[in-house]
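Everything below concerns the one structure shown next.
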Amino acid sequence: MKIAVAKEIDMGERRVALIPDMVARLVKSGLEIWVEAGAGEGACFSDAAYEAAGATIIHDTAHLWREADLLVKVSPLREREDGQSELSFLKPGAVVIGFLNPLGEPHDMRHLAERQVTAFSMEMIPRTSRAQSMDALSSQAAIAGYKAALLGATALPKFFPMLTTAAGTMAPAKVFVMGAGVAGLQAIATARRLGAVVEAFDIRPAVKEEVQSLGAKFVEVTLQEETVAAGGYAREISEESKERSRQVLTEHIKQSDVVITTAQVPGRKAPTLVTEDMVMQMKPGSVIVDLAAEQGGNCACTEPGKDVLKNGVTIIGPINLPSSVPIHASQMYSKNIVTLLQLLIKDGELNLNFDDDIIQSACVTHGGEIRNQRVREALEAIRQPV
Ligand code: NAD
């Protein structure tokens, strides 16, 4: 079986789907690995390192895509500079694995199904204990949370830690993390390590203990409705509850030096947690780092990919933060991919057992069909605009 590692072409994408250490492991298990020339460059892995791990370096991109039995990548399939879509290269019966954004780009899933390609979406790996080592959403979110705290510390015109010096004592920075999922918890841990005083809020009350165990204070807001959906994710809350939380949160936002927002509701636009009015009440020099920038933003003033200055407050809307830590992001993603491959491949052949909940959940297209109900609904919504 020939497994190909594609060079990412998405703007600013520095990650690679398999690092040389993981290639060596797959080669040892009898698999043939092709790596597109320069695929690891952005993450500081040379072609020579892949060759030493037992991979074959392929210079002709179209050849690599057409011959692959299974192709691994990071970002969704894209149109290339020559106008051809990456998905049109895959041969019938091939498998593609990556962050394919099936709910955002369902028409691509239809094309893959029409081409008889089997597609696995890393976003659709279930968030269960058994799937933990394949959970790329978590591995990459942890990196984003870490980097968000660093961005906040760099943009803040103050120290993070308390400093007692001959020139006086500096108070520690106050950091407020909104949304304490995987990214939020890592942002809390990083900000605490840098010496900041940290508060956090989430609509899922279950995270209170995790927040406290990291040395942060949990801000309580009592809401009169269920806030947790299936799988432990947040549910979209009513306008009334949003307004109620905003009243409590405004005071905390006003007093913070850095606000890091990470709140998301799967399949929905990110909720607005910081209104323009709240930004106007913040101290000049304060910083907001909005990790939901690409999903519509948690702050009303966020512009994805830009730093916005409003009333002396810097609002940072970073895009693809995991890619800014490409070595470790690729290392973690590779581990997620290899664990998934171990589930999909038996004795060097593809072996898909759809009774397995991980395969059932992550496989978006197979046998000419879109298997995932939510993707079919997303496609239907495009066909029948309201
Ligand atoms: P996410 O990226 O979807 O959302 C980030 C956080 O935003 C969540 O904690 C959510 O509760 C919060 N949020 C949503 N709306 C909000 C609002 N209006 N105000 C404040 N906060 C809001 O979530 P995630 O980090 O990918 O994961 C969330 C949860 O999924 C985990 O905490 C856990 O319960 C579950 N999970 C389980 C596993 C596992 O079992 N292996 C792995 C990862 C995640």
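Here, residue 1 is the first one in the sequence, and each next residue gets the next number. Numbering of ligands and ligand atoms starts at 1, following listing order. Everything quoted here is computed from the prediction, not taken from an experiment.
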Residue-ligand contact Ala180/ligand 1, heavy atom below 4.0 Å: yes

Salt-bridge criterion met for Glu8 and Arg78 (N-O under 4.0 Å): no

Audit row: Lys242, Glu236, side-chain contact (heavy atoms from CB on, under 4.5 Å) steps and yes/no: CA-CA 9 Å; Lys242 280 183 193 161; Glu236 187 163 31; 3.7 Å; yes

Where ligand 1 meets Phe201 - atom numbers and elements under 4.0 angstrom, heavy-atom basis: 19 (N), 20 (C)

Gly181-ligand 1 polar pair, N/O distance under 3.5 Å: yes

Pairwise salt bridge (Lys or Arg N to Asp or Glu O under 4.0 Å) hits with a residue in residues 185-194, at least two apart: none

Sub-3.5 Å N/O-N/O distance, Ser129 and ligand 1: no

Ligand 1-proximal atoms of Ala206, by part, heavy-atom distance under 4.0 Å: neither

Sub-3.5 Å N/O-N/O distance, Asp135 and ligand 1: no

Subset of ligand 1 atoms that lie under 4.0 Å from at least one heavy atom of Ser138: 42 (C), 43 (C)

Residue-ligand contact Thr128/ligand 1, heavy atom below 4.0 Å: yes

More than 12 heavy atoms of other groups within 6.0 Å of Arg130 CZ: yes

Interfacing atoms of ligand 1 (cut-off 4.0 Å, heavy-atom, Pro271): 15 (N), 18 (N)

Phe176 and His252 aromatic ring geometry - parallel, tilted or perpendicular at 30°/60° bounds: tilted

Residue Glu114 excluded, over 12 heavy atoms near CD under 6.0 Å: yes

Val182 N/O to ligand 1 N/O under 3.5 Å: yes

Of the listed options Thr262, Ile203, Val221, Val219, closest to atom 5 (C) of ligand 1 (non-hydrogen atoms): Thr262

Per-atom contacts, ligand 1 versus Gln132 - under 4.0 Å to a heavy atom: 41 (N)

Asp290 side chain vs Ile260 backbone, donor-acceptor pair below 3.5 Å: no

Candidate with minimal heavy-atom separation from atom 32 (O) of ligand 1, of Arg268, Glu236, Arg204: Arg204

Numbered atoms and elements of ligand 1 in range of Leu273, under 4.0 angstrom, heavy atoms: 17 (C), 18 (N), 19 (N)

Qualifying salt bridge (Lys or Arg N to Asp or Glu O under 4.0 Å) pairs with a residue from residues 310-331, counting only residues at least two apart or across chains: Glu276-Lys310

Within 6.0 Å of CE in Met170, more than 12 heavy atoms from elsewhere: yes

